[in-house]
Structures are given as C-alpha cells and as structure tokens.
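The shown structure was predicted, so the numbers you read here are calculated from the model rather than taken from an experiment. Lettering follows sequence order; numbering is per chain, from 1.
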Amino acid sequence: MAETDAAISVRGLCKDFDGFEVLRDIDLDLAPGTTTCILGPSGSGKSTFLRCLNWLEEPSAGSVHIDGKPIGRSGNGRATRPMARRELASTRTSIAMVFQHFALWPHLTVLGNVTEAPVHVLGRPKREAEEEGRAILARVGLTEKADVYPHTLSGGQKQRVAISRALAMRPKVILFDEPTSALDPEMVGEVLSVIRELAREGLTMVIVTHEMSFAREIADTIVFMDGGRIREIAAPTDFFTNPQSDRARRFIFRP
Amino acid sequence: MNGLLVVWESRDVFLWGAANTLSLVLGCLLLSIPIGILGAVVLTEAPDPLRRLFAEAVDLLRCVPFLLLAYVVYYGLPELGLRLDPWWAGLMSLTVYTTAYLAEIFRAAFRAVAPDNIEAAHAFGLSRSLIYRRIILPQVAITAAPVIGNQVITTIRDSALLMIITVQELTFAANFVSANHFTPFAPFAAAVGLYLLMSFVVEAGVRRMERVRKGRYG
Ligand SMILES: Nc1ncnc2c1ncn2[C@@H]1O[C@H](COP(=O)(O)OP(=O)(O)OP(=O)(O)O)[C@@H](O)[C@H]1O
Ligand SMILES: [Mg+2]
C-alpha cells in the first residue's frame, strides 16, 4: 500500500523514556475502513504506541501520517520541524481516542461531553452538534442519559459515552486503549457490541485489547507486539491458528 | 440602651463605612480573581526562570503582614512620586495581597483537575486556551469554591486594617462613632454584626457551589 493511501502510516517510530527504549523502529500501514487489533504482553509498548499515533506521547524518532497528513512534525523527508501547537491540535481532530478509564469531562453533561469538541474545536453550530450528538447517543443506547452528569453512569455507560464523544468528531481514525479492561465483567459485552457495530460500518479503528476472542472476531488485521517491536502482522485466522513466532505462540496458548 | 440609640443615630456613618468596605472588597475581587488566574497560569506554564521568579514573588508577598504592605503603599509610594488617596491605596494593597494568595490557590486547584481529562482534551484537539476556559476553570470554580470563599472572608477581615491608613471603612466608622460618643460596646458590636452578615453571604455562595459540586461529581 502506498504511504499516502493509508489511513495511518508509521515509519521508523522509536520511543524511549530517558534512555529506556520502549518502542523500536516501528513501521505500519493501516488501510482505511479496517479494524486493527493490537495484542501483546503487558509492558510490550501497546499503549505507548497508540499514544504516539496522536502525539500524546512524542516519539523520539520516526513519523506518523494520518490520512496522508503528518502529525507532530511538519515538512517532509529529513527537513522536519516540530509542529506549532495550534497545528498539532487541529491535526488531532481527525483522530479520536477512547481511553481505558473513560476520561470524560465531569463538569459537562453526557451531551456536553459529546458536543464539546465538535462545537468549540470544529466550530459546528451548537444546535446541529446537539442534534447529531443525541442521534449518536441513541445509537449506543443512551438516549435517556443525554442530560445527566457522567458520575451517575455505570462504567459500561461511561465508555459508551466516550465512544460517542469520539464518533461525534467524525474522525478518520478512532484509537481505543483497552476499552473494556476497567469494566465489571457484566458490562464488557455492551461496549464490545457497540465497537462490533462500528467495525461493521467500516470505521477505521485501532484497538489495543486483551479480549482475544473479540479481536479474532472483529479484526481485519492483528498486530502482535512484544518488547517494543511489532513481531507479527497477520489476518486473525492466520494469527490465531498459525502464529509465526514462538513469542506469539506462547502468548496465544498461555497456560 | 443608650449605645443602641447612638448606633441608630449614626447609621449613615455605619452605612458609609459598610459601603466603603464592600466597594473595596468587591473592587479587589474584580481585579484579583482575573489577575490571580493569570498568575496561576504563569506559575503553571511559564518557562523556568520566569516561573521561578513569579513563585518567589508570590511567596514573598504572602509572608508580608498585610498592615505593613498597606503602610508601604500609603506612606512609602509617595516618596517614589506616587501619592494615592486612602481608598485607592487601600484598594491597591488589598488587591496585591489577595492576588498573591489567589494565584497560589488557583495554581493548586489547576493541579487538582484530573490529568486524564486534560489529556483527553488535548487528544480531541482543544487548544491550550480552550482547555483553560472550557475544562480547567469551570472545574476549578466548582471544586475550589470553599478555599476561594475562605480567601474572600480573609480579605473582608484584612480590609478592617485599612483604617490605620485612614480609609473610612466599617471599622473606621465604628471607631469614629465610639470615640465621639464615648460608648465603645454598641458601635463595635454593630460593626461585628455587619462583618458577620458579609461572611454569611459569602458562605451561602460557597454552599451553593457545594450543591453544584455534589450534583456533578457525586
Ligand atoms: N511515562 C513513562 N515513563 C517511563 N516509562 C514508561 C512510561 N510509560 C510507559 N513506560 C514504560 O514503557 C513500557 C511499555 O508501556 P506500555 O504502557 O506502552 O505497555 P502496554 O503494552 O500498554 O502494557 P499493558 O498491557 O500493561 O497496558 C513499560 O515498561 C512501561 O513501564
Ligand atoms: Mg497499556
């Protein structure tokens, strides 16, 4: 796939924290409309990688392009320089993120959370954004919760609000960092079924998850990370039935 | 009995004093809240030499007894060519002093906002000024209301010291009435009553914000 056709294109991405190497020389291209699940043992760098994609974490080397546009550093080739804050902020509007611990804004209602960035960052008319926000909330089964504050919601409902907040940006890509691992077991299903629905609609998503059967079911591509590197990129059936590396085999067939 | 009568007959003096206290405190808050917020932004965001300098200045101001600051402004500044009449000198010293405390209060309150919802704001493309205006300050107004309310009450109390530089505020008025009528108790009790009234109003505001906080944060 040509670099410019990819929804996300990563080249030579490295990250260290004060000399401690966490990501090493990562290259990855993800096609638009596909769902990618990132798997790997704890500490392998999955969250750090995801956070580099929207520059919440600044890589120590390498580049990230979202829908053909560079993020974090502007210019091409070797002559790049750090983006101005304003430019970085506006680039981020095409990549939404869903966090493990929801990270909703507690002082805003559910609908306020969903319309905040569309209205104040994208400059959409408030009326229109609210209408669309309510429609999105209806889709994730939260019609009645639009006007309450997040603290009154269950974990599963909070995460569905967080997903609605992401959808309201009409982003090119949505990043999920373990969207269900802070949830009580009985609430995992409701969040997964929303994500499953989005995958079916052809959104471009990158999901870090430990839910193996879910990954197998919805992913177009599995990315397996270990020790800060991508060890395997494969279709789910290939990855789960015939992993190429020992590490992946050990990871899948954990006792 | 006689004392109460004195107070009643000097009510215009008391009202004048109370009006001066109120105008000083309100004027002070109108200035020191926005400046304090800006100061807190500098204390949080500025690059190191500037931030350090600011932090030292704030700490220094908070160590100075308020009365001394009022003296410096009223009796000291004229030597440098700036002569203010008592009310303005009072407003200036009260504002400088309160701003130093508020800057520190706001700085601490900014830090107490959950980092994950600031990070989410960055991820959704909010600019820094939007993050302050839309995410941090609204939360600070709710969560820091009790500390800010305390500071307002302290400012009301400090304003009484301004009688020393001849500002005709409430304590000055009570002193004036008591000295002129040789009845110390009733005039001062009346002043205490009026100060209490002002504190109650502030506390009612704080309780209201507390209810808002309960509604939003549980
Ligand atoms: N801010 C940081 N400072 C220093 N080290 C960090 C920081 N963030 C992550 N690390 C380290 O980087 C490594 C990768 O962390 P990361 O959170 O990306 O792993 P992960 O694959 O998401 O793990 P998990 O499955 O437990 O969430 C770990 O060794 C972690 O300790
Ligand atoms: Mg992680």
Side-chain angles (χ1 to χ4, degrees), chain A residues 50-51 53-58 66 71 84-110 112-123 147-153 158 161-162 165-169 171 173-175 177 182, chain B residues 33 37 40-42 44-48 50-51 105-106 108-149 205-218:
Chain A
L50 206 67
R51 293 162 53 80
L53 295 181
N54 61 359
W55 226 256
L56 280 183
E57 214 69 79
E58 185 174 344
I66 305 292
I71 182 164
R85 276 214 190 86
R86 194 164 285 278
E87 196 185 354
L88 175 60
S90 91
T91 312
R92 278 177 173 151
T93 58
S94 58
I95 331 156
M97 193 170 212
V98 174
F99 298 84
Q100 182 174 358
H101 297 282
F102 329 121
L104 297 175
W105 296 306
H107 60 298
L108 300 175
T109 61
V110 163
N113 269 273
V114 174
T115 59
E116 178 67 19
V119 172
H120 295 280
V121 179
L122 301 178
D147 302 309
V148 306
Y149 287 92
H151 82 92
T152 61
L153 303 177
K158 282 182 190 163
V161 174
R165 174 172 71 173
L167 289 173
M169 295 298 282
V173 178
I174 306 183
L175 311 175
D177 191 1
Chain B
I33 288 176
I37 289 172
V41 173
V42 173
T44 316
E45 304 274 348
D48 219 6
L50 180 64
R51 194 189 54 79
I105 287 171
F106 282 118
F110 290 176
R111 280 172 59 118
V113 173
D116 72 343
N117 68 71
I118 293 174
E119 179 161 81
H122 281 293
F124 278 80
L126 276 74
S127 64
R128 224 144 27 136
S129 86
L130 269 178
I131 292 177
Y132 273 106
R133 279 186 291 134
R134 303 279 317 164
I135 306 295
I136 296 179
L137 285 173
Q139 296 198 58
V140 163
I142 297 169
T143 55
V147 222
I148 295 168
V206 169
R207 270 198 303 278
R208 206 189 153 113
M209 289 312 273
E210 220 20 37
R211 274 201 301 279
V212 171
R213 192 185 63 75
K214 288 235 170 65
R216 312 240 165 132
Y217 293 72

- Message: Is the shortest side-chain heavy-atom distance between B/F124 and A/R165 below 4.5 Å?
- Response: yes

- Message: Are B/R216 and A/P106 packed together at the side-chain level, in the sense that at least one heavy-atom pair is separated by less than 4.5 angstrom?
- Response: no

- Specify the closest pair of heavy atoms between B/A120 and A/A103, including all atoms of both residues, with the distance to one decimal. CB-O, 3.6 Å

- Message: Nearest 0.5 Å, please: how far is OG in B/S129 from CZ in A/R86?
- Response: 6.5 Å

- Message: B/E210: which residues meet the salt bridge (Lys or Arg N to Asp or Glu O under 4.0 Å) condition with it, sequence neighbours left out?
- Response: B/R213

- Which bit of A/L175 is near chain B, if near means a heavy-atom gap under 4.5 Å: side chain, backbone, both or neither? neither

- Item | Validation row: B/N117, A/L104 side chains within 4.5 angstrom (heavy atoms) | no

- Note on the structure: The reported gap from CG in B/D116 to NE2 in A/H101 (rounded to nearest 0.5 angstrom) is 8.5 Å

- Message: Using side-chain heavy atoms (C-beta onward) and a distance below 4.5 Å, is A/H107 in contact with B/Y217?
- Response: yes

- Value for CD (B/E119) from CG (A/L56), rounded to nearest 0.5 Å, stands at 4.5 Å

- For B/A114, is it the side chain, the backbone, both or neither that has a heavy atom under 4.5 Å from a heavy atom of chain A? neither

- Note on the structure: Residue set satisfying salt bridge (Lys or Arg N to Asp or Glu O under 4.0 Å) with A/E58, at least two apart, ordered chain then number -> none

- Picking from B/I118, B/I142, B/V113, B/L126, which has the most non-hydrogen pairs under 4.5 angstrom with chain A? B/L126

- Query: With a 4.5 Å limit on heavy-atom distance, are the side chains of A/W105 and B/R134 in contact?
  - Reply: no

- Task: Indicate the atoms forming the closest heavy-atom contact of A/F99 with B/A123, along with that distance.
- Result: CZ-CB, 4.0 Å

- Examine whether an atom of A/I95 lies under 4.5 Å from a heavy atom of chain B, and if so say whether it belongs to the side chain, the backbone or both; otherwise answer neither. backbone

